[in-house]
Structure formats: structure tokens, C-alpha cells
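Quick caveat: nothing in here was measured; it's all calculated off a predicted structure. Sequence lines set the chain letters: A, B, ... in the order given, protein chains first and strands last, and positions in each chain run from 1.
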Amino acid sequence: MKPRRPVVEGYFEERADGSAVLVGGRCDACGAYFFPKRFSFCRNPGCGAPDLADVELSTRGTLWSFTDNRYAPPPPYPAAEPFEPYGVAAVALEAEQMVVLGQLARGTDVAALHAGQAMELCAEDLYETDDAVVRVWKWRIA
Amino acid sequence: MKPRRPVVEGYFEERADGSAVLVGGRCDACGAYFFPKRFSFCRNPGCGAPDLADVELSTRGTLWSFTDNRYAPPPPYPAAEPFEPYGVAAVALEAEQMVVLGQLARGTDVAALHAGQAMELCAEDLYETDDAVVRVWKWRIA
Amino acid sequence: MSEVVVLGAGMHPWGKWGRNFVEYGVVAARAALADAGLGWGDVGFLAAGNTMRNGYPGYVSGSTFAQSLGWQGTRVSSSFAACASGAVAIDSARAQIQAGRCDVALVVGADTAPKGFFGPLPGVRPEDPDWIRFHVLGATNPTYFALYARRRMEAYGATTDDFAAVKIKNSRHGLENPNARYRKEFGAAEIAESPVVADPLRLVDICATSDGAAALVLASAEYAARRADRDRHVRIAAISTVTPRYPNTYLDMPDIATDSAVGAALPERSFRDSIAHAAYEEAGLGPGDLSLAEVYDLSTALELDWYENIGLCGEGEAEALLRSGATTLGGRVPVNPSGGLACFGEAIPAQAIAQVVELTTQLRGEAGARQVDGARVGLSINQGLFGHGSCVIATR
Amino acid sequence: MSEVVVLGAGMHPWGKWGRNFVEYGVVAARAALADAGLGWGDVGFLAAGNTMRNGYPGYVSGSTFAQSLGWQGTRVSSSFAACASGAVAIDSARAQIQAGRCDVALVVGADTAPKGFFGPLPGVRPEDPDWIRFHVLGATNPTYFALYARRRMEAYGATTDDFAAVKIKNSRHGLENPNARYRKEFGAAEIAESPVVADPLRLVDICATSDGAAALVLASAEYAARRADRDRHVRIAAISTVTPRYPNTYLDMPDIATDSAVGAALPERSFRDSIAHAAYEEAGLGPGDLSLAEVYDLSTALELDWYENIGLCGEGEAEALLRSGATTLGGRVPVNPSGGLACFGEAIPAQAIAQVVELTTQLRGEAGARQVDGARVGLSINQGLFGHGSCVIATR
Ligand SMILES: [Zn+2]
Ligand SMILES: [Zn+2]
């Protein structure tokens with residue numbers, strides 16, 4: 001079996017129990033969260049602290065909006081052949097007071113979704129390379 | 001034998017006698033030449049005529065400056081493996097009152113060149129593809 | 001600081017020919033100069049909007065157009081701000097005029113757009129948010145448009161019939177615009193047959209990518225006052241190119257998360273609201289003064305968002321305003337009398353300039369069959385990726 | 001129009017780390033703000049120079065830096081003009097100040113450069129002159145530098161010893177500059193062993209590509225006059241961002257031919273001469289007023305061209321001027337006291353800003369061991385691909 005690797009380093013982690021968690025940055029000075037972390041410094045203009053701590057974000061939130069994509073995006077999206085439609089969800093995290101995007105887990109019935117419903121993070125395969133199964137975080141109905 | 005094709009369409013032509021000629025644009029209104037032609041309109045701000053005629057440039061000129069490149073350029077230069085150094089010459093055309101660049105013909109002794117000497121246009125292979133031999137104009141000592 | 005004046009406006013029609021963007025820009029620039037009765041030699045500054053999909057000449061659009069019009073020593077700027085590029089170019093030209101560095105400035109934007117979705121340029125760039133959103137999430141521009149559209153449905157009860165009504169309105173407006181790419185009236189039945197791209201949006205809800213160009217000739221008020229054609233002059237009362245205020249908690253392209261609201265007070269108004277607000281403040285005008293507006297209908301649903309962002313109605317009231325007919329030609333404040341992006345498609349660096357060309361045409365009373373009666377004040381607005389606001393208020 | 005004032009200058013050291021260019025820019029911006037005794041909240045406009053090799057954030061550098069420093073609604077511009085980008089950004093900031101739109105503006109340029117020759121971005125683009133020159137001719141930047149160098153040898157009798165002397169001088173100057181990437185003295189023997197890249201130029205004659213950043217805080221004269229640190233203020237007396245005049249008969253990158261001189265009168269002066277001339281005219285100063293100059297030594301030989309272009313000597317006299325010691329620290333008009341590109345390498349959008357940082361440091365008398373005694377007037381100059389002039393004159 002091919003080893004798994006995350007689609008991009010440092011954005012999320014998968015746990016032994018099969019769950020997944022997003023990793024962002026948190027400013028000890030002002031409390032702000034950032035996802036992705038991108039830089040070491042705080043981007044709150046009233047703060048600007050030089051360091052952010054790595055922090056696991058809430059794995060549950062409420063659905064802010066969602067869509068179902070029916071056409072294949074251009075590269076660098078690793079579209080399967082034949083193209084497989086995919087949903088995208090924007091989920092509000094309460095503790096972090098921010099909205100985070102993710103694809104919807106395969107098989108989610110988009111027509112049954114509604115704003116405000118509880119969602120939780122998971123991970124699924126995004127594509128395969130010769131060497132690895134590439135994994136991505138996704139949102140599923142909680 | 002593979003067919004020959006010019007490295008870029010419309011910049012030069014090869015004749016049956018083995019000679020080559022650059023093709024530029026000429027403005028009938030003000031007399032200006034342009035190489036490459038690029039656009040249909042005259043770029044003399046005092047003119048701006050909407051049309052340029054295709055025109056063959058002088059095939060002889062005088063050397064303005066020259067160099068010998070000893071390191072492989074990055075893509076999109078189609079560098080041979082192993083890398084083959086190449087000279088570049090800037091040649092002044094009298095009738096057109098302009099300077100035009102070209103590689104120096106293979107085997108030109110760069111150390112023997114001097115500004116002002118007579119040069120003439122020729123064509124050589126630049127690289128090969130699966131389907132064609134790709135040709136380019138060059139300057140050689142007249 | 002006295003207001004700068006629009007002396008000339010010109011366009012290359014929108015379409016999809018795949019020719020070099022420089023050709024389009026030169027046509028638009030010459031049209032604007034001819035409209036102003038001026039020559040290229042009268043121009044003291046050229047401000048252009050860049051295009052990122054046409055090689056190096058697109059990165060240095062100012063010098064590219066200056067060379068094509070003929071080198072004459074003109075100072076140039078080449079700005080990029082995604083869809084707001086045109087507004088930044090207009091602002092750059094205005095600043096040079098108001099700083100006293102030239103009397104007449106030329107503003108040009110032109111593009112040759114690829115087919116289909118806009119995607120990032122080639123390469124692997126995990127540090128580029130625009131690359132990440134495509135590679136990791138397949139979050140195309142229509143994905144974001146769809147999230148915004150669905151949000152209106154969930155939060156305010158908008159329906160796909162409302163979105164279709166925007167399309168029907170704009171397609172009728174554009175019928176009378178000779179520069180529009182699409183001049184075809186859409187009906188509800190035809191819209192219902194259009195394939196879904198990103199639910200709830202159909203293909204006809206989403207604007208195309210186009211080739212096109214637009215140009216303006218701007219001058220100082222003092223220079224304009226000496227001319228005989230003062231009855232055609234339109235004044236630039238405000239340009240807003242504001243960025244967001246932290247924390248920006250509304251999801252903007254190309255980010256995959258919003259700012260966190262922890263540890264900082266929310267700004268007084270949302271980013272989109274703040275774009276128009278800054279322009280109103282500068283112009284000393286308000287939504288009630290508008291005769292017309294050109295808003296960026298990247299999607300039909302997004303036009304409804306803008307109604308609220310520019311203060312034509314309160315939050316959640318855009319659908320009712322649309323249904324009332326107020327934003328249709330003949331209504332209280334027609335929106336997108338040009339036909340909007342629905343009829344033009346996006347030609348990124350030209351778009352914000354084209355909006356001001358429409359304002360100019362309307363405020364001069366030269367818009368023919370799509371003329372807004374008695375137009376006195378026009379507003380154009382859009383937003384570029386990466387936090388670029390773009391709003392112009394013009395008056396006559 | 002009153003002159004704008006430099007209140008703060010800052011840099012991120014030049015090097016080659018491959019980190020995100022945004023980090024460098026934020027460091028430089030914060031250094032400039034700290035030098036000015038101001039905070040990011042005091043900035044009313046942010047003008048940045050773009051980088052084309054770092055994805056979308058580099059195309060919208062103004063908003064990228066604004067986001068990283070923290071969104072606060074600041075208006076931004078993101079300009080590109082190849083190596084002249086920094087000058088265009090400074091000019092953009094100055095225009096906003098002189099137009100009365102802000103009191104304080106921040107100018108930032110930062111880059112992360114690839115190794116080796118600069119090449120075009122991926123793709124096949126026969127309509128892009130920058131793609132053509134690489135694909136068809138292998139005409140890299142050093143090819144052009146070599147053509148210019150050889151021309152000096154053929155036309156004026158320059159020798160490779162002269163070029164080596166430029167390297168020796170600049171390497172000595174840079175020894176004392178903590179922001180320089182290369183702080184190592186070169187001697188003639190070592191230079192003679194350096195491999196030829198493009199005859200007559202050796203590797204050590206040609207500047208490297210670097211990571212780095214530079215920033216300036218500019219303010220209106222009125223704002224500056226209210227501050228207590230007036231003895232540190234440096235004034236921007238001129239900015240020249242002129243383009244060529246037709247016909248431009250000196251071969252410029254990336255063109256593969258010059259303009260034709262048929263059918264049009266030659267301009268009064270060459271493009272490079274005209275860049276400095278426009279700045280001198282605006283400042284009401286001349287070459288004899290200069291205390292120092294920072295010129296763009298992309299190659300050692302090119303520094304000699306600039307001596308003539310900025311009027312330090314007549315055509316063909318640069319080698320004699322160099323040999324006289326006039327352009328060495330301690331001479332009449334030191335050139336590149338910073339160490340120049342020889343010690344920094346190119347960080348494209350930062351470079352013209354870094355030149356003005358050096359002028360500021362020198363005119364304040366804060367340059368330490370590389371201080372030009374009694375510096376009162378400094379000039380910085382460079383040229384960007386596609387006809388971009390860049391010259392700043394600063395005074396104290
Ligand atoms: Zn913080
Ligand atoms: Zn002509």
C-alpha cells in the first residue's frame with residue numbers, strides 16, 4: 001500500500017483514530033487565529049506580534065454556505081478522469097470566530113444541506129501519485 | 001529527411017539559393033522599418049499609420065557589437081546537450097538605420113571580430129523536434 | 001483639490017478573438033483621444049492596468065501601450081489590482097494630475113482572456129494562496145460566487161428566480177450597447193435550461209472571460225475649463241481603492257479562511273460596504289443621489305449583494321428592490337444599464353475603466369436607447385482578489 | 001508643488017535564503033517605520049513594487065504587504081516596471097502625497113529571486129518579446145550587458161582591466177555595508193580567474209540575483225515640518241520615470257532590434273541620457289551638484305556607461321574618470337558607495353528603493369565607514385526592461 005501524505009504540509013493532521021484536525025497559528029498576544037498560518041507574525045494591525053504558536057482548530061462548526069461544482073476546474077486542481085463533481089463548504093468555527101473552506105466529504109447530499117447545521121472535519125483521498133496517496137481535509141455532516 | 005521550419009513564423013525566409021532574409025514591416029507613410037513587425041500599425045508617434053507593408057530587410061550590414069555566450073541559458077532557449085557556446089552579434093543596417101540581433105554562425109572566430117566589419121545574413125539549424133528541423137537566422141562574416 | 005475631468009472615453013468592443021491585447025488597447029486609447037479631440041502627443045502621463053496572462057508586455061502595460069502608440073518620453077505606470085486594476089490606474093492618473101505633474105493623462109486597460117475558468121499560472125507554489133485554493137479545494141471563482149449566492153438564499157430567502165431576473169434585466173440592457181459581446185435577450189425558460197456550474201448558479205448566471213479594452217482621457221479642471229466642449233465634461237468626484245479592515249470576516253477570494261474575530265473589534269462596516277462608503281465620503285454624496293450604478297455582476301446573485309453594499313437598500317432587501325423594477329432602465333436607479341458583465345464578460349484590467357466609460361456616456365446623455373433619463377450622478381463599483389476595492393463616482 | 005520628505009528608510013539584508021518575499025518586505029517596512037518613529041497605523045497610502053516570480057501575491061504586492069502588516073483600509077498601489085519598479089512605486093507615493101490624499105506613505109519592494117539567469121515564465125509565447133529573445137537567440141541579460149561592454153571596448157578603447165577596476169572599487173565600498181550580500185574585497189588576480197560568462201564579461205563582472213527588501217516612509221513637507229527630527233530629513237528633489245523617445249536607436253532589453261531612424265528626427269538625447277536629464281531639470285540641479293551617485297551596475301562595464309549618462313564626464317571618458325579615482329570613496333563624486341549591485345545583486349522591485357535608502361543614509365551622514373563627506377545631493381539611477389527610466393535626486 002502506498003503511504004499517505006497531506007496535500008500540503010502543515011495545514012492539517014490525521015490522527016490514529018481516523019479523525020482530522022486543521023493546524024493554524026494563534027497569537028499569544030492578542031488571541032487571533034490564522035489559517036493557514038503562512039507567516040510567523042501576527043497580522044492583526046493592532047498587534048503585530050512576531051510569533052504565532054501552532055494551534056489545532058476546532059474540528060466542529062456550523063455551515064455558513066455551500067456549493068456543488070459540476071465542471072472540472074483547470075490545473076492545478078487534480079481532477080479525476082472522468083471528472084467527479086465535488087461540493088465545497090464554508091464552515092464557521094465558534095471559538096476561532098472564523099470561516100474555513102473545505103470540500104464536502106464524498107457522498108454528501110448537497111440538496112439536503114442548510115446553513116447553520118453542524119459539520120465536522122474529516123480527511124479523504126484527493127488524488128494518487130506514483131508514490132503516495134494524497135490526502136485532504138474535508139467537511140462532513142456531524 | 002525532416003522538413004525545415006522557421007523557429008518563429010514570419011521573421012525570416014530562406015531562399016532556394018541557400019541565402020536568408022529577414023522580413024519586417026515598413027510604413028509607407030513615414031518610411032520607418034520595424035523588426036519584428038509584431039503589429040499592423042506604425043509606431044512612429046508622429047505618424048501612427050494603420051498599415052505596415054511586409055518588407056525584406058538588407059541582408060548585409062556592419063558589426064555594431066558582439067559577444068560569446070559560455071553558459072547555457074535557461075528555457076525557453078533550446079540548449080543542446082552538452083551545451084554548445086554561441087555568439088551573438090548586433091549588426092547595423094544602413095538603409096533601415098537600425099540594429100538587428102542574431103546569433104553568430106557556427107564556427108565564427110569571435111576573437112577575430114571587430115566593430116564595423118561587414119556581416120551578412122544566413123540561416124542554420126537551431127534545434128530538432130520529432131517532426132522538423134527548426135531553423136534560425138544568423139549573422140556571419142561577409 | 002479640484003476634481004479631474006473626463007475629456008474622452010473609448011473602447012474596443014468586447015469579444016473573444018484571441019488577438020494580441022495590445023491591439024485592443026491601442027484601438028481604445030485612440031478612440032478615447034479622438035473622443036477628447038486630442039492627440040497622443042498631448043498626453044503627459046499614461047496609466048495602464050496590467051494583464052497577467054499575456055507575457056511580459058502585460059506586466060508592463062504602461063510602457064507597452066506607450067511604445068505601441070509611439071515612444072515620446074511619456075511617464076507611465078503599470079498597475080495591477082486584479083479586477084480593481086482599472087480603478088487603481090484611474091487613481092494613479094488622477095494623482096499625477098492633482099499633483100500638478102501633467103494636464104492630461106491617458107488611462108488604458110486591455111486583455112486577451114483564456115477560455116473557461118480562470119486558473120493560476122503554471123507552476124507549483126504552495127505559498128501562493130491562489131494556487132492553494134485551486135489545487136487543494138478546487139475553489140474556482142464560480143465556487144466563491146456560488147457560496148455567496150447560496151448565502152443569500154439561506155440568509156435572505158433569495159431564489160434562483162431572483163438570480164434569473166437579474167440576467168433577464170441585464171441582457172435587455174445590453175441589447176442596445178454596441179460594445180457588448182452578448183446582445184441577446186434571455187428569458188426564464190432558456191435560463192432554466194442552462195447547466196448548473198456551481199449550485200445554485202447556472203452557466204448563464206456566471207460572466208464569461210472576454211477580450212476587450214477601455215480607455216479614458218483625464219484632465220485637470222483648469223485645463224478642461226479652457227475647452228469649448230464643456231457641456232460634455234464629466235467630473236470624477238471620488239475614487240475609492242480601499243483595502244479591508246481587520247478582521248475581515250467575510251470570505252474573500254482567494255482565501256480559504258476568513259480572518260478571526262478573536263482579539264480585535266469588528267470594523268464599523270464590511271469590506272464591500274466600506275468600498276462605497278469611502279467614495280461617498282469623498283464625493284460628499286450618498287446613495288440617494290445616484291442616477292445609475294454599474295456594479296460588478298460576476299454572477300447574477302452578486303449584483304444583488306452590491307445593491308446593499310452601495311446603500312440602494314438595506315441588508316436582505318435587494319431581491320425586493322430588484323422585483324420593484326427600481327434597478328431596471330426606466331426605474332429609479334438603473335443598475336448596469338450597459339448590460340454589465342452579463343453582456344460583456346470579464347476583461348480584467350479593462351473592466352473598471354469600461355464601467356467609467358459607461359458612466360461618462362450616460363452622464364453626457366449620449367447612451368442612445370439605453371440612456372438613463374436626466375443622469376447626473378453615477379457610481380461604478382467592483383472588488384479585486386486580495387482585498388482590492390474599486391469605486392468611482394462621476395458627476396456632470 | 002513642495003518636495004516630499006523621506007522620514008524613514010529600512011532594509012532587509014540582501015542574500016539568498018529562498019524564504020517568502022513577503023517576510024523580507026515586512027521586515028523592511030517595519031524597519032523604515034521604526035526609523036521614522038511612526039507606526040503602520042500612521043500610513044495613509046502604501047505603494048509597492050511587484051515581483052513576477054512569486055505567484056499572485058507578487059502581482060498585488062501592495063495588498064500583500066497591507067494584509068501582512070494588518071488590514072486597516074489603507075489604499076495601495078502595486079506597480080511593475082522591471083528594474084525601475086521601485087522608482088515607479090516612490091513616484092506613486094509622492095503623487096498621492098502631493099495630490100493631498102495622504103500625509104504619510106509607505107513604499108516597499110521585496111523579492112525572492114531564482115538562481116542563475118533570469119528567464120521568462122513558463123509557456124510558449126511568440127508574441128512576447130521577452131520569450132522571443134530567449135528562445136530564438138539565447139539573448140540573456142548578460143548577453144546584452146556583454147554587447148554594451150564590447151561596444152565600449154570597440155568605440156572608446158575600454159579594457160577588461162577597467163571593468164575589473166569597477167569591481168575592485170565596489171567590492172571595497174560594500175565591505176562596510178551591513179545590508180550587502182557580498183562583503184569581500186576582490187583583487188585583479190582573482191577577477192582574472194573568474195570564468196567568462198559572456199565575453200568580455202566574467203562571472204564577477206555580472207551581478208547576482210538576490211533576495212532582499214527595502215522600504216521608505218515619505219511624508220508631505222508640511223507634515224515633516226511639524227516634527228522634531230528635521231535634521232535627519234532628506235528631500236526628494238526629483239523622480240524621473242521617463243520612457244524613450246522615438247526612434248530609440250540604442251539596443252534595449254528585451255528587443256532584438258532597435259527602432260529605425262528612417263522617417264523621424266533623432267531625439268535630442270539618448271534614452272539613458274534623458275532619464276537623468278529629466279531629473280536634473282525637475283530638481284534644478286546638474287551633474288556638478290552631485291555629492292554621490294548610486295548607479296545600476298548590472299555589469300561592471302555598465303557602471304561606466306552611467307558615468308556618461310548622468311553627466312559626470314563626456315562620452316568615452318568614463319574609463320579616465322574611473323582611473324582618476326573621482327568615483328571612489330574619498331574622490332570627488334563617489335559612485336556606488338553602498339557597494340552597488342556588485343555587492344547586493346538584483347532584487348528587482350527592491351533595488352531602486354534600496355538606492356534611495358543609501359542616498360538617505362549618506363545625506364543624513366549616517367553611513368559610518370562608507371560615509372561620503374559632506375554629502376548634500378545624491379542621485380540614483382537605473383533602467384528597466386521595456387523602456388523604463390528610473391532616477392531619483394535627493395537633497396538635504
Ligand atoms: Zn496578535
Ligand atoms: Zn509611419
Kindly compute the distance separating CZ (B:F34) from CG (D:D259), expressed to the nearest 0.5 Å. 6.5 Å
What part of D:F145 is in contact with chain B, defined as an atom under 4.5 angstrom from a non-hydrogen atom: side chain, backbone, both or neither? neither
Let me know if B:A29 has heavy atoms under 4.5 Å from chain D in its side chain, its backbone, both or neither. neither
Heavy-atom nearest pair, D:L137 first then B:Y86, reads O-CE1, 3.5 Å
Which atoms form the tightest heavy-atom contact between D:P126 and B:V8, and what is the distance? CB-CG2, 4.3 Å
For the residue pair B:R43 and D:Y246, what are the closest heavy atoms and their distance? O-CD1, 3.5 Å
Shortest non-hydrogen contact between B:V100 and D:A257, atoms and distance: CG2-CB, 4.0 Å
Whether D:S260 side chain and B:M98 backbone form a donor-acceptor pair below 3.5 Å: no
Closest contact, heavy atoms only, B:R70 versus D:D199: NH2-CB, 4.1 Å
Nearest-0.5 Å distance, CD of residue D:E154 to CG of residue B:L63: 7.5 Å
Name the region of B:A111, side chain, backbone, both or neither, that has any atom closer than 4.5 Å to a heavy atom of chain D. neither
Would a 4.5 Å heavy-atom cut-off, applied to side chains only, mark D:V124 and B:P76 as touching? no
Using non-hydrogen atoms only, which part of D:I132 is less than 4.5 Å away from chain B: side chain, backbone, both, or neither? side chain
Examine whether an atom of B:E96 lies under 4.5 Å from a heavy atom of chain D, and if so say whether it belongs to the side chain, the backbone or both; otherwise answer neither. backbone
Between D:H135 and B:P78, the two heavy atoms sitting closest are O-CD, 3.2 Å
So, the part of B:V99 with a heavy atom under 4.5 Å from chain D: the answer is both
